[in-house]
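Structure record follows, encoded as structure tokens.
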Amino acid sequence: MWGVIVNRFKQGFRTLSYPKEVPVFPKRFRGRLMISAAETQCSIDKTKDPLGAVVPGKKPAVDLGKCLFNEEFKAVCPEGLTYSQDHRLAVSKREDLIIRDNEVKLAAALNEKTRRIFGRSLKLREVCAGSCNGCDAEIQAMGNVVFDLSRFGIQFVASPRHADGLMITGPVTKNMELALKKTYEAVPSPKIVIAVGACAISGGPFAGGKEVHNGVDGLIPVDLYIPGCPPHPLTILDGLLRILDKLEKER
Amino acid sequence: MDSQEFDVRNGQSWEWSAVPVLGEDSFRQKILEECSQWASPAGGGASPAGGGARLVNLFAQLEDSGSIRIFVMLGRDQEGKLPVFSMRISQDQASFQSLTPELPQAHMFEREMAEQFAITSIGHPWLKPVRYHQNYRNVPDLWAGIPSRPIPGAYPFYRVGGEEAHEVAVGPVHAGIIEPGHFRFQCHGEEILNLEIQLGYQHRGIEKMMEDVSAERAVLLAESIAGDTVIGHAMAYCNAIESLSDCEISPRAEAIRAIALELERLSNHVGDLGALSTDIGFLPPAAYFGRLRGEFLNLLMELSGNRYGRSLCRPGGVLFDLDQPMIENFRKRLLIARKDLKEISDLFFTKSSVLSRLEGTGIVSTKIAQELGLVGPAARACGCGLDVRTDYAFGMYRFHHIPISTVLSGDVYARSLIRWLESQRSIEFLLDLLTQIPEGDLQIKGSGLKPNHMALAMIEGWRGEIVHVAMTDSNSRIARYKIKDPSFNNWMGLSMAVRGAQISDFPVCNKSFNLSYAGHDL
């Protein structure tokens with residue numbers, strides 16, 4: 001017993017003061033992609049973009065839903081692409097993930113009626129539908145003492161029947177399609193669906209594969225897209241707090 | 001008996017025409033002879049019998065001539081050598097005598113071949129699909145209706161009869177935040193008589209995709225085989241490609257890869273200890289281990305910009321360097337982590353209530369572990385002293401040795417303790433390596449891939465032996481890419497661990513193995 005108490009004091013208090021304080025990421029962290037406005041005709045190296053994340057057009061645009069945030073992606077257009085330290089990436093509409101400059105239309109709060117139901121207590125069921133387990137590991141990490149998800153009234157529950165919505169990872173393999181649809185049907189309405197990670201949004205590195213779908217879109221309706229490979233726990237948390245309108249304005 | 005010998009080493013590549021082709025009988029005979037000591041209990045005991053080989057890989061490939069070639073790679077762990085040989089079978093009569101009744105290690109490999117190439121292994125005791133996909137030969141599948149039938153209901157499960165026996169089905173969608181898989185328990189009251197694990201839900205078709213995609217995309221796929229083993233699989237992929245392109249990476253790049261691999265091991269081992277604490281309801285260490293896991297992930301993020309080390313390993317070397325201030329910073333943080341790890345582990349492993357829950361639960365005997373061909377910490381917890389870092393040393397491990405830890409009892413306690421022991425050794429290894437990182441270029445440009453070659457790359461990931469085999473065709477394109485995650489060997493170990501245990505023991509047994517569904521399903 002003494003051991004437990006002594007240890008407790010040694011371990012101290014470890015929870016981040018997020019969202020009160022802006023989180024600090026290491027220098028090499030690859031957050032939101034920035035397209036420098038000056039470069040209107042940068043030379044695009046297609047080989048560095050095997051997943052087709054660059055949207056062709058007069059000015060290059062990037063689909064964050066297809067981007068794996070890998071280091072060499074910058075070389076697609078070395079003059080115009082850089083990664084920022086900004087972890088905020090979640091959006092409400094699929095097309096908002098296509099960025100043309102340094103602006104991104106981050107996720108909006110749910111409508112007032114839904115927010116009144118979920119705002120103080122949101123229960124989610126997680127479904128892994130063919131992910132590599134990377135996104136799932138980060139979702140799980142949100143529950144540890146550092147991020148401490150439950151202080152925001154958000155919890156992961158064991159059954160879809162107890163849930164207000166689904167958080168889905170993975171490109172949705174053919175073998176998981178049925179289980180995913182059944183789980184969705186088991187969630188009582190009103191319900192929300194959150195797609196986490198490049199795979200769940202676009203198929204990620206598996207896009208176009210014979211054994212997978214290209215993400216959740218088209219199978220069940222999605223309310224929140226959180227890109228990344230995998231998204232940092234704070235990126236996921238930011239998305240959740242945004243739809244619940246729990247972040248102060250312009251933070 | 002054929003006397004042709006063809007031994008390879010980890011990281012080597014060779015023309016695949018050089019691999020001896022044996023007749024079906026001598027192929028079978030040679031495998032059984034080489035592996036005989038593993039299967040027999042006579043040489044068993046605390047350490048595996050000297051000289052006994054182990055099944056490292058068994059897979060098929062179509063040849064231009066139209067026949068099917070079955071390759072086998074055996075591991076002679078004591079010598080660090082891997083005999084490779086093969087046999088041909090015709091496409092019209094794709095079948096061979098199953099090895100499984102004599103050599104249970106072959107069980108999953110034969111099922112995999114049956115699914116991928118519609119090859120019947122005659123006499124296989126449980127020939128079921130592994131991942132539920134159509135075969136690669138465009139011939140009728142061995143099982144009708146793949147993949148249109150939803151799994152798992154449409155396929156038979158092993159059943160125990162009798163009025164008092166009952167069945168418990170769990171999954172694919174589980175209660176926790178974990179991957180999908182189906183578990184079918186045959187029980188008598190609380191006692192588990194048999195557990196059949198049916199996976200395949202995570203199947204994304206990676207092996208097949210590797211043949212079609214560009215090199216730039218292939219490495220991204222390799223990083224997504226198993227999201228908690230990014231470094232392990234990316235290193236295996238890079239080693240295979242470097243071997244095929246005669247590219248010798250610099251000692252500095254090797255050192256940085258080894259640092260990342262050990263950080264990956266640390267984060268997962270420590271995370272597993274936390275998960276075990278959660279499952280037995282001892283929450284203080286669960287919270288502390290969970291936080292400590294993050295410290296190692298954050299070191300990986302400091303190094304590579306991603307918490308799992310994505311974008312670090314690329315063919316030819318690494319994309320990120322460690323400069324002196326970073327090294328100092330890493331050492332400082334590792335020293336703190338070492339102290340934390342000791343204090344939290346002491347708290348966990350000295351509590352009698354913890355020990356009484358872990359000790360004697362989910363025992364896998366040394367003999368069973370050897371017969372099933374378990375690898376990694378799961379095998380070392382059963383007293384089998386195998387570790388790719390020592391037996392088939394690669395990269396930095398050729399110069400910096402890491403002692404193997406083994407525990408004898410084969411229970412949940414052993415699998416927990418092994419994680420603590422290995423974590424300590426990884427930290428010592430890192431602290432030592434960080435003081436003397438050799439010089440060299442970060443990335444070296446390799447030439448094109450050699451045509452008609454095959455390369456073998458083995459890595460000791462945190463779960464155990466990762467094996468990648470890459471084969472090129474006459475145009476130097478990847479013609480076959482075979483991936484084996486350690487989970488492929490070890491899932492059967494979990495089934496055996498819970499046999500005779502209570503249903504309520506399943507969660508701790510499962511956590512003590514913590515196997516990858518994605519790595520198994522590919």
Side-chain angles (χ1 to χ4, degrees), chain A residues 3-4 7-8 10-11 14 25-30 47-48 50-51 68-72 83 125-141 143-146 156 158-160 170-171 173-176 178-180 182-183 199 204-206 209-212 229-230 232, chain B residues 131-133 147 150-151 172-173 175-180 200-206 208-209 213-214 216-217 220-221 223-228 230 284-285 287-288 290-291 293-294 297-298 301-308 310-311 314 319-320 340 343-344 346-347 350-351 516-518 521:
Chain A
V4 178
N7 237 287
R8 177 68 197 83
K10 279 188 178 167
Q11 286 295 319
R14 301 287 189 161
F25 291 92
K27 222 168 58 208
R28 289 173 182 171
F29 174 73
R30 294 183 291 279
T47 60
K48 295 285 186 291
L51 302 173
L68 295 192
F69 293 80
N70 50 320
E71 179 68 13
E72 59 271 54
Y83 285 108
R125 171 73 275 221
E126 198 260 359
V127 181
C128 168
S131 87
C132 66
N133 202 26
C135 295
D136 311 71
E138 291 301 55
I139 293 170
Q140 204 160 34
N144 71 27
V145 292
V146 178
F156 284 91
S159 164
T173 56
K174 298 267 163 81
N175 289 344
M176 263 309 276
L178 180 72
L180 175 64
K182 279 188 173 177
T183 310
C199 294
F206 310 108
K210 194 172 152 240
E211 308 289 341
V212 299
C229 185
H232 192 279
Chain B
R131 305 177 179 115
Y132 301 90
H133 61 78
I151 54 174
V173 179
I177 303 174
I178 54 168
E179 300 174 74
Y201 297 91
Q202 297 275 64
H203 180 58
R204 295 149 290 168
I206 297 182
K208 210 66 194 145
M209 282 184 90
V213 299
S214 66
E216 285 79 10
R217 185 165 170 182
L220 299 174
L221 275 176
E223 286 185 331
S224 297
I225 292 168
D228 45 27
V230 171
Y288 311 151
R291 195 266 305 164
R293 166 181 178 268
L297 293 179
N298 288 344
M301 175 162 67
E302 197 93 25
L303 172 63
S304 73
N306 179 287
R307 301 219 310 161
Y308 297 86
R310 285 173 191 264
S311 290
R314 289 294 180 264
L319 293 188
F320 297 98
D340 277 345
E343 284 174 5
I344 307 167
D346 280 345
L347 175 69
T350 55
K351 287 279 165 291
S516 174
Y517 301 66
D521 289 349

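Residue numbers begin at 1 in each chain, while the letters A, B, ... track the order of the sequences.
The OH atom of B/Y308 lies 8.5 Å from the CG atom of A/N133; values are rounded to the nearest 0.5 Å. Note that the SG atom of A/C132 and the CD atom of B/E179 stand 8.0 Å from one another [nearest 0.5 Å]. Here CZ of B/R217 is found 12.0 Å from CG of A/N70. Values are rounded to the nearest 0.5 Å. Taken from OG1 in A/T173 to NE2 in B/H133, the straight-line distance is 12.5 Å, to the nearest 0.5 Å. Between the CG atom of A/N144 and the OH atom of B/Y288 there is a distance of 14.0 Å, given to the nearest 0.5 Å. The CG atom of A/N175 sits 10.0 Å away from the CD atom of B/Q202 when rounded to the nearest 0.5 Å.
A/A137 approaches B/R293 most closely through the heavy-atom pair CB-NH2, 3.8 Å. Considering every non-hydrogen atom in both B/R310 and A/C229, the closest pair reads CD-O, 3.1 Å.
No other option in A/L180, A/L68, A/V4 has as many heavy-atom pairs under 4.5 Å with chain B as A/V4. Of the residues considered (A/Q11, A/H232, A/M176), A/Q11 shows the highest number of contacts with chain B, using heavy-atom pairs under 4.5 Å. In terms of heavy-atom pairs under 4.5 Å with chain B, the best-connected choice from A/R14, A/Q140, A/K48 is A/R14. Top candidate by heavy-atom pairs under 4.5 Å with chain B, chosen from A/C135, A/C128, A/P171, A/G134, is A/C128. Note on A/K10, A/K210, A/K174: by heavy-atom pairs under 4.5 Å with chain B, the leading option is A/K10. Of the residues considered (A/S159, A/P230, A/C199, A/G3), A/P230 shows the highest number of contacts with chain B, using heavy-atom pairs under 4.5 Å.
Using a 4.5 Å cut-off between heavy atoms, B/R307 contacts chain A through its side chain alone, with no backbone atom that close. Proximity to chain A involves both the backbone and the side chain of B/S224, based on heavy atoms less than 4.5 angstrom apart. Contacts of B/K208 with chain A are absent, with no heavy-atom separation under 4.5 Å from either backbone or side chain. Using a 4.5 Å cut-off between heavy atoms, B/S516 does not touch chain A at all. Of the atoms belonging to B/M209, it is side-chain heavy atoms, and not backbone ones, that fall under 4.5 Å from chain A.
Side-chain contact between B/N306 and A/F29 is absent, with no heavy-atom pair separated by less than 4.5 Å. A heavy-atom distance below 4.5 Å is not found between the side chains of B/I206 and A/E211.
Applying the salt bridge (Lys or Arg N to Asp or Glu O under 4.0 Å) criterion to B/R291, with sequence neighbours excluded, gives B/E295, B/D340. With sequence neighbours left out, B/S311 forms a side-chain hydrogen bond (donor to acceptor under 3.5 Å, both in side chains) with A/R30.
A distance-only check finds no donor-acceptor pair linking the side chain of A/N7 to the backbone of B/D346 [under 3.5 Å].
Using a 4.0 Å cut-off between charged nitrogen and carboxylate oxygen, A/R28 and B/E302 do not count as a salt-bridge pair.
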| query | What's the verdict on salt bridge (Lys or Arg N to Asp or Glu O under 4.0 Å) for B/R314 and A/E72, showing C-alpha distance, side-chain angles and the deciding distance? | reply | CA-CA 10 Å; B/R314 289 294 180 264; A/E72 59 271 54; 2.4 Å; yes
